[in-house]
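Just below is one structure, and these are the notes that go with it.
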Amino acid sequence: MRFVNAILSPLILFLIAIVSCEDLGYSSFKIHIDSLAHPATVMVSQEVDIEYYGFVGPDGCHDFKTIQMEPLSDSLIQFTVWGERSDYETICPAVEVYLEGETYTMTLDAPGWHHIRV
């Protein structure tokens, strides 16, 4: 019986550790954009680079994730900038994280005035 306990105890602890590691993940959040940069005029079918600037988070566990684009109408485009925070880091580096010109490249297919909403 002691032999079985000696083998099962480490095996059970190993399985618990594996299951605990699967729970590790990230929490997503929206990043507040304080400014952006883009060309004043653009030609149809020409690529446009839009650069985003803002505060991502108060420590090194926060990071930029992605930029999501959603056309709301022919002339209005909604952008959402997403960040993520590590759920499993217990000690985060003491550094503020900023979005410093993260670029989203897109192509406009129709002429006219286009408005960006962030």
Side-chain angles (χ1 to χ4, degrees):
M1 188 66 167
R2 288 185 191 183
F3 178 74
V4 173
N5 285 340
I7 291 177
L8 286 180
S9 293
L11 181 61
I12 290 172
L13 290 175
F14 176 73
L15 292 175
I16 289 172
I18 289 175
V19 171
S20 297
C21 288
E22 290 177 3
D23 293 336
L24 302 178
Y26 294 89
S27 298
S28 294
F29 60 92
K30 291 181 183 179
I31 296 174
H32 175 75
I33 301 301
D34 55 38
S35 62
L36 55 92
H38 59 80
T41 58
V42 181
M43 302 286 287
V44 173
S45 300
Q46 175 186 4
E47 286 189 347
V48 181
D49 289 335
I50 304 171
E51 297 174 352
Y52 294 88
Y53 299 87
F55 181 70
V56 177
D59 57 46
C61 288
H62 292 79
D63 197 11
F64 165 75
K65 183 177 180 183
T66 189
I67 300 172
Q68 178 183 9
M69 191 261 303
E70 178 185 355
L72 299 178
S73 69
D74 290 340
S75 63
L76 180 60
I77 304 166
Q78 170 78 41
F79 287 94
T80 306
V81 182
W82 292 96
E84 63 184 4
R85 184 184 193 292
S86 171
D87 291 336
Y88 61 89
E89 301 260 356
T90 56
I91 300 174
C92 297
V95 59
E96 291 183 337
V97 181
Y98 291 90
L99 197 62
E100 297 180 3
E102 188 64 43
T103 302
Y104 185 89
T105 303
M106 62 178 293
T107 304
L108 298 173
D109 297 327
W113 289 93
H114 296 274
H115 302 276
I116 298 172
R117 181 188 297 170
V118 179

Q. What do the steps show when you test Ile77 against His115 for side-chain contact (heavy atoms from CB on, under 4.5 Å), and what is the final call?
A. CA-CA 6 Å; Ile77 304 166; His115 302 276; over 6 Å; no
Report the distance from atom [atom1] of [X] to atom [atom2] of [Y], rounding to the nearest 0.5 Å.
{"X": "Met106", "Y": "Leu108", "atom1": "CE", "atom2": "CG", "answer": "4.5 Å"}
{"X": "Thr80", "Y": "Ile31", "atom1": "OG1", "atom2": "CD1", "answer": "11.0 Å"}
{"X": "Ser73", "Y": "Gln78", "atom1": "OG", "atom2": "CD", "answer": "11.0 Å"}
{"X": "Leu99", "Y": "His32", "atom1": "CG", "atom2": "NE2", "answer": "11.5 Å"}
{"X": "Thr107", "Y": "Met43", "atom1": "OG1", "atom2": "CE", "answer": "13.5 Å"}
{"X": "Glu102", "Y": "Thr66", "atom1": "CD", "atom2": "OG1", "answer": "8.5 Å"}

(Q) Ring centroids only, cut at 6.0 angstrom: are Tyr104 and Tyr52 within range, meaning strictly under it? (A)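 No.
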Q: Give the C-alpha distance, both sets of side-chain angles, the deciding distance and a yes or no for side-chain contact (heavy atoms from CB on, under 4.5 Å) between Val81 and Lys30.
A: CA-CA 6 Å; Val81 182; Lys30 291 181 183 179; over 6 Å; no
Q. Does any N or O in the side chain of Thr103 come within less than 3.5 Å of the main-chain N or O of Gly101, such that one atom is a donor and the other an acceptor?
A.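 Yes, because the side chain of Thr103 sits within donor-acceptor range (under 3.5 Å) of the backbone of Gly101.
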What is the minimum heavy-atom distance between [X] and [Y], and which atoms define it?
{"X": "Pro39", "Y": "Val48", "value": "CD-CG1, 3.9 Å"}
{"X": "His38", "Y": "Ile50", "value": "CB-CG1, 4.2 Å"}
{"X": "Ile116", "Y": "Phe79", "value": "CG2-CD1, 3.5 Å"}
{"X": "Gly60", "Y": "Cys92", "value": "N-CB, 4.4 Å"}
{"X": "Val56", "Y": "Phe64", "value": "CG1-N, 4.1 Å"}

(Q) I'd like to know whether CD of Gln46 has more than 12 heavy-atom contacts from other residues, nucleotides or ligands below 6.0 angstrom. (A)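 It does: Gln46 CD has more than 12 such atoms within range.
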(Q) Going by ring-ring contact (aromatic ring centres under 6.0 Å, His included), name the residues that satisfy it together with His62, two or more places apart in sequence or in a different chain. (A) Phe29
Q. Heavy-atom distance under 4.5 Å between the side chains of Trp82 and Ile67, does that happen here?
A.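 No; the side chains remain at least 4.5 Å from each other.
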Q. Side-chain contact, heavy-atom cut-off 4.5 Å: Tyr26 with Ser86?
A.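 Sidechains of Ser86 and Tyr26: in contact.
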Q: Taking atom types as modelled, find out whether Glu51 and Tyr53 have a side-chain donor-acceptor pair closer than 3.5 angstrom.
A: yes
(Q) In terms of relative ring orientation, are Phe55 and Tyr98 parallel, tilted or perpendicular, with 30° and 60° separating the classes? (A)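 The rings of Phe55 and Tyr98 stand perpendicular, inter-plane angle above 60°.
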Q. So which pairs with a foot in residues 54-69 pass salt bridge (charged side-chain N to carboxylate O under 4.0 Å, His left out), sequence neighbours left out?
A.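 As it turns out, the salt bridge (charged side-chain N to carboxylate O under 4.0 Å, His left out) pairs with a partner in residues 54-69, which skip direct neighbours, are Asp59-Arg85.
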